[in-house]
K.L.:
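Just dropping this structure here.
Quick note on labels: first sequence line is chain A, next is B, and so on, each numbered from 1. Bear in mind the structure is a predicted one, so any value in this text is a computation, not a measurement.
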Amino acid sequence: MKNTVKVHSFHGGIHPPENKKQSTGAAISAAPVPSRIVLPLQQHIGLPADPLVKVGDRVLKGQQVAEAIGRISANIHASTSGTVTAIESHPVPHMSGMTADCIIIEADGKDEWIEHSGLDDYTSLPKPELIEFIRQQGVAGMGGAGFPTDVKLHLGDDHIVNTLIINAAECEPYITADDMLMRERADQIMGGIEIIAHLLKPLHIMVGIEDNKPQAIRALHEALDDSPLNLDIVITPTKYPSGGEKQLIKLLTGVEVPSGRIPADVGIVCQNVGTTTAIFKAVTYGEPLISRIVTVTGQAAGHRQNYEVRIGTRFADLLDHAQASREHIHRLVVGGPMMGITVTDEQIPVIKTTNCLIAGSVEEMPPQPPAQACIRCGMCEQVCPVELLPQQLHWFAKGREFDKARHHNLFDCIECGACSYVCPSNIPLVQYYRFAKAEIRKEDDEQRKADHARIRFEARQERLEREKIEKEERRKQRAIDAAKAQAAKKDAALTKKPAAAAAASTAAPDLKQLKQNAAIARTKLGKAEKALTNAQSKGQDGIEALQATVQQLQVKFDTAQKAYEKAQSAPAPVSTSTAPVTDLKQLKQNAAIARTKLKKAEKQLEKSEANGDDADTIATLQKQISELQAKNIAAEKAFKDAEAGDAKQPSAPIQIDTSELEADIAAMQAKVDKGEAAWKKAAEAGSPAADKMAAGVEKLKDKLKALQDELAQIRVQSSNTAAPAPVDTSDLEADIAAMQAKVDKGEAAWKKAVESGSPAADKMAAGVEKLKDKLKGLQDELAQIQSNNASAPAQVDTSELEADIAAMQAKVDKGEAAWKKAAEAGSPAADKMAAGVEKLKDKLKGLQDELAQIQSNNASASAQVDTSELEADIAAMQAKVDKGEAAWKKAAESGSPAADKMAAGVNKLKDKLKALQDELVQTKGNDTATAETAIVETEIAEIAKPDIKELKQQVSIMRTKLKKAEKQLSEADDSEDTSELAAEIEQLKQRHDEAKATLDKAEAEKIAAAAQEGIDLKQLKIDAALARAAVTKVERALSKAEQDSKDSLEAELISAKAQAEQLNSTLERFSE
Amino acid sequence: MDAVLIAILVLLGLGLVFGILLGYSSIRFKVEGNPLVDQVDSLLPQTQCGQCGHPGCRPYAEAIVNTDEAINKCPPGGTTTIEALADLLDVEALPLDTEHGEEQVKTIAFIREDECIGCTKCIQACPVDAILGAAKQMHTVIESECTGCDLCVEPCPVDCIDMNPIETTLNTWQWPAPKAGVELIATDRKPAPALEGEA
């Protein structure tokens, strides 16, 4: 038999002893039906099959028991009839010797076929259906790897298949399964090839067969004669491993399959002869792959021959049937001696790829001699069929240089074992390669997993980031929505209320202005008059100038008043149009206010009467009371009217106007508070909306101010026209108190912001400053009114002033504590706070000066001074100084940067103490002072009343010195020489006069300037009012709470107290 | 003299041409970021476990590249990673720093599902979203996504998460490393009666 095709050759290869003759002596015989069938779910490459049967199911021969999952998988069929007894882990033929899931069928011995039928004419069937049919029969490659055959049959879909090669080489020693198959079932093989050829439509079909199988070659030729197939039976020289797919392709076609590619890539498909018979059986008879030819050989096997064995037959059964002598079995090898695997468990079943079972004796398969060092003989390289460098690969694998091994094409190694076979040092080279391959695969797998994990991790990070941003945006959106809602509410409120107000303001904006002008003129006039009377009563100089001023002012006032009246009479319905107030609540409030006022006035009257005040005062008070009563009645009537539903009747216009305004202010106040709270929250949270909110709050505050201005103006007017002055001031004071509270609040918020390092702090500071300005404005007003009011009562209540001072002091303490805290925390706002504290201190000083002055006034007037109070003040101051010093020392010891500042503060406090002490001395000295000094002092006191602080201070210092000297003189009178002292006194007097003259001059200048510009001399009063307001805040607020919301104010009081306590404790802790 | 001038001009011209070429390519083929960080990062096992003391694999990679952090702080990567890093960075491969943990068998998390209370804490801890579940619902680990980083074990309030070693299946089984042969001298070798069998 000659080849019609040129046979090529491949590199290397070996010629081990064939040992095939032992098993070809007998024909293939069918192995008996075993008592138990073990069907591993994975007998092929790819995914394991999925069981279709349950334990206890009866299955028939050829019944599908597991179905393929995915493309590369194969169905599994029962190889005999019986009952499924278990689906469990069972040893399987695997290099690892591990167990895997198997379907275990207890055979019933009937070997009952399931109904099955082949295809009459497979050519009439569409190819995909035919392939699917073959797939259903569970056909898998029977040569070695067990690759699902249907996948290979699909190769025609996406590859151009030029050549079909049927692998009949069977190069490995011992194995004769394919040989015997060809000898006995060549027609089936031809039939199978026909089917494959039909599916793949190759141009050329070749059967590669080694020349050591002459009988098989003959049988094939005979079969070929009966077949319509046109194929070449190519006889190749016997050489291991010519049966390797790529080697056979090289032999038959001369084409080398590129590294990492499959034969189909070069237009070649290989099928094993065993597979062709399986395909034939499947298609022609409908018989699934349930049995195969297995060579049982080896010196320990009794009958060395080929058996047709059912898939799932355990080796033990097969060996029993072959009468293998167990005691002689040294190694049981599945597959050939070169590439097969050694198994230790006879319970392992025959699977689709099991072509040989070698029961090797110890002589046949001796233990592997110990490996020795590689001598670099290079024989392995000469035999390698893939032209690798086995020696190099060995080194790389041994040294775990897997990358290098990979670069030396380790993965092209077919693990044929030729290199190991020839190795003179018995190095298990293949094992090294398998190990290296496994490691590289593991690394690749890990790398893949790592990449996957990184992708997932990055995706997660991205998602979290995105979610964060989205959350932030949602939050912002919510804030914007809330702001919008708020704005809408505000708009609604504005359109509702100031509809009337707007009408009024648009109708008479000039009226308002005029009113204000008139009020200002009136105030100035009042002041000037007061100054004039004062001057007249004291018999001072410059009365003429004052009179002139008064007249001038009178003229101005008249003009303003006239203009106002004119304006008022022209658009008369302004106030009345706004008058109809139907709000019961407001009316009720009005009535309550009127009632309170009345009560207050009555009380005052009683007091006056009890004190035995002059008749004029009492008469005035009585008049006021009667007026108030009238008003009260009117208010109550209005309320009742409104209550009765008779709301159309307009009530007292001015009264109602104010109340309405007050209500507006309250509402506005609430809004401002709300806004501030929201803004603070936002600022703390560092929201970018804080700036906007701050602006909003500022606007609201402006509005509030406008309203309050209006109210104040109306009040001034009403106080001038009808309402009694003292009562009005209380209202104003309450306003001031509220404003004060706001300022405090603002300051607290600002401090908080500064501490938390909020960027809004500067703005807040500005806001607080504004608030303070406003407060000052209000206080100015109050002072003005009070000065108007107070022109009558000569006696000033110093206790109130003292309380003011105490309050101021508390404020200063608070401020200082806060500032210290800030300075310690290194806050940048500390400087600002320090400035604030300084301001407060200045104010305190002013107050104290005033107190001193008033006290001296009192002293001069009543000639009886209560020094005990002053002494208490001094003691308190002393305590403060001590405390401050202690704190300072502590701070200095701890090296605080605030120590310098504190030292300055302590020094200031000391100065104050000194001043107080001076004053005390002075006051005490008054008692014993001579008439002359008293007069001078009174003069000074009177003149010093208007400010120009420094001069005044100088004068007072002079005075103190003078007095001291005089006192000394009076004490030293009787015995010692007084001439020296007298001289000193003279000197001091001179200096005192000088100072006084300077002061007078400055004062005169100031008065003149004031008269000219209309600026009042109220600095001191302002300070006093400011402090007073702070003290009376709580009381007023409480009394007001009877009308308004008592609870909230009480809460405020409590919180204020708590804050005070906290600050105190902080201070104490600090000073300790 | 001409020859010298020509030579100078030619050299200048060449310098100019190559300068322009280099300048252009430095703009055209500009590499964003440090590619070395990416390379190092790709060698790390991406468990994001933080055993190295860095909050994830990339920060460790950045530290290695930018601040000369030691390369032997990755227990999940083990010797393989250290060697790969040493190879990449051309530094000495160090033994694994056991301070950061020892190389252990690969594990994956397993939630004992009947004990799970559905607190979602492990879900938040998992850097690769390998845990599935919802509040008050039983959680489970997606095995194929789990990197075995251990981070879910700590937050579990009922300690229902086990780190199980990954089971070897037929598909994941590996050939072990061959035993090193005994270094015999030739005369110690027993004569092998038949050489045909070698597996």
K.L.:
Does His452(A) have more than 12 heavy atoms from other residues, nucleotides or ligands lying within 6.0 Å of its NE2?
P.N.:
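Yes - once you tally the heavy atoms of other residues, nucleotides and ligands closer than 6.0 Å, there are more than 12.
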
K.L.:
Select one option (side chain, backbone, both, neither) describing which atoms of Gln461(A) are under 4.5 Å from chain B's heavy atoms.
P.N.:
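Gln461(A) has no heavy atom closer than 4.5 Å to chain B.
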
K.L.:
Is it the case that more than 12 heavy atoms not belonging to Glu467(A) sit under 6.0 Å from its CD atom?
P.N.:
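Correct, the count exceeds 12.
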
K.L.:
Please say which of Phe435(A), Tyr433(A), Tyr432(A) ends up in a ring-ring contact (aromatic ring centres under 6.0 Å, His included) with His394(A).
P.N.:
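Going through Phe435(A), Tyr433(A), Tyr432(A) one by one, the ring-ring contact (aromatic ring centres under 6.0 Å, His included) with His394(A) is satisfied by Tyr432(A) alone.
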
K.L.:
Examine whether an atom of Thr47(B) lies under 4.5 Å from a heavy atom of chain A, and if so say whether it belongs to the side chain, the backbone or both; otherwise answer neither.
P.N.:
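Contact with chain A: none, neither part.
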
K.L.:
Taking the side chain as every heavy atom from C-beta outward, state whether His94(A) and Trp173(B) have any pair of such atoms under 4.5 Å apart.
P.N.:
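SC-SC contact between His94(A) and Trp173(B) confirmed.
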
K.L.:
Give me the contact list for residues 111-120 of chain B versus chain A, heavy atoms only, anything under 4.5 Å, ordered by residue number.
P.N.:
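Heavy-atom contacts from residues 111-120 of chain B to chain A are absent.
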
K.L.:
Chain A: which of Cys126(B), Cys149(B), Ser144(B) shares the most heavy-atom pairs with it under 4.5 Å?
P.N.:
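Between Cys126(B), Cys149(B), Ser144(B), the count favours Cys126(B).
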
K.L.:
Take atom NZ in Lys121(B); do more than 12 heavy atoms of anything else shown fall under 6.0 Å from it?
P.N.:
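Atom NZ in Lys121(B) is not crowded, with 12 or fewer foreign heavy atoms closer than 6.0 Å.
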
K.L.:
Of the backbone (N, CA, C, O) and the side chain (C-beta and beyond), which part of Asp87(B) lies under 4.5 Å from a heavy atom of chain A, both, or neither?
P.N.:
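For Asp87(B), neither part sits under 4.5 Å from chain A.
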
K.L.:
Are the side chain of Asn66(B) and the backbone N or O of Glu62(B) linked by a donor-acceptor pair below 3.5 Å?
P.N.:
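Flag set: sc Asn66(B) to bb Glu62(B) pair under 3.5 Å.
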
K.L.:
In terms of heavy-atom pairs under 4.5 Å with chain B, which of Glu446(A), Met95(A), Arg441(A), Glu18(A) leads?
P.N.:
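Between Glu446(A), Met95(A), Arg441(A), Glu18(A), the count favours Met95(A).
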
K.L.:
Stepwise, does the side-chain contact (heavy atoms from CB on, under 4.5 Å) test hold for Glu462(A) with Glu458(A)?
P.N.:
CA-CA 6 Å; Glu462(A) 198 194 334; Glu458(A) 278 163 7; over 6 Å; no

K.L.:
Any side-chain heavy atom of Thr80(B) within less than 4.5 Å of one from Glu443(A)?
P.N.:
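The answer is yes, as the side chains (C-beta and beyond) meet within the 4.5 Å cut-off.
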
K.L.:
Do Gln299(A) and Ser361(A) get their side chains close enough for a donor-acceptor pair, meaning under 3.5 Å?
P.N.:
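The criterion, which ignores hydrogens and geometry beyond distance, is satisfied for Ser361(A) and Gln299(A).
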
K.L.:
By a 4.5 Å heavy-atom criterion (distance strictly below it), what part of Val92(A) contacts chain B: side chain, backbone, both, or neither?
P.N.:
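Answer is side chain: those atoms of Val92(A) sit under 4.5 Å from chain B.
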
K.L.:
Pro176(B) versus chain A, heavy atoms under 4.5 Å apart: side chain, backbone, both or neither?
P.N.:
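Contact with chain A involves the backbone of Pro176(B) alone.
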
K.L.:
Can we say Arg400(A) and Glu83(B) salt-bridge, meaning some charged N sits less than 4.0 Å from an Asp/Glu carboxylate O?
P.N.:
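So Arg400(A) does not pair with Glu83(B) through a salt bridge.
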
K.L.:
Who in residues 129-138 of chain B is close to chain A, using a strict under-4.5 Å heavy-atom cut-off?
P.N.:
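Interface residues of residues 129-138 of chain B: Asp129(B), Ala130(B).
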
K.L.:
Side chains of Asn426(A) and Gln368(A), heavy atoms from C-beta outward: is any pair under 4.5 Å?
P.N.:
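The answer is yes; the side chains approach within 4.5 Å.
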
K.L.:
Can you tell me which portion of Pro178(B) sits under 4.5 Å from chain A's heavy atoms? Options are side chain, backbone, both or neither.
P.N.:
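It is both, since atoms from each part get that close.
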
K.L.:
For the residue pair Thr354(A) and Cys356(A), establish whether any side-chain heavy-atom pair is separated by less than 4.5 Å.
P.N.:
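No; the side chains remain at least 4.5 Å from each other.
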
K.L.:
Starting from the C-alpha separation in whole Å, work towards a yes-or-no answer on side-chain contact (heavy atoms from CB on, under 4.5 Å) for Gln51(B) and Lys73(B).
P.N.:
CA-CA 8 Å; Gln51(B) 286 182 72; Lys73(B) 292 185 174 177; over 6 Å; no

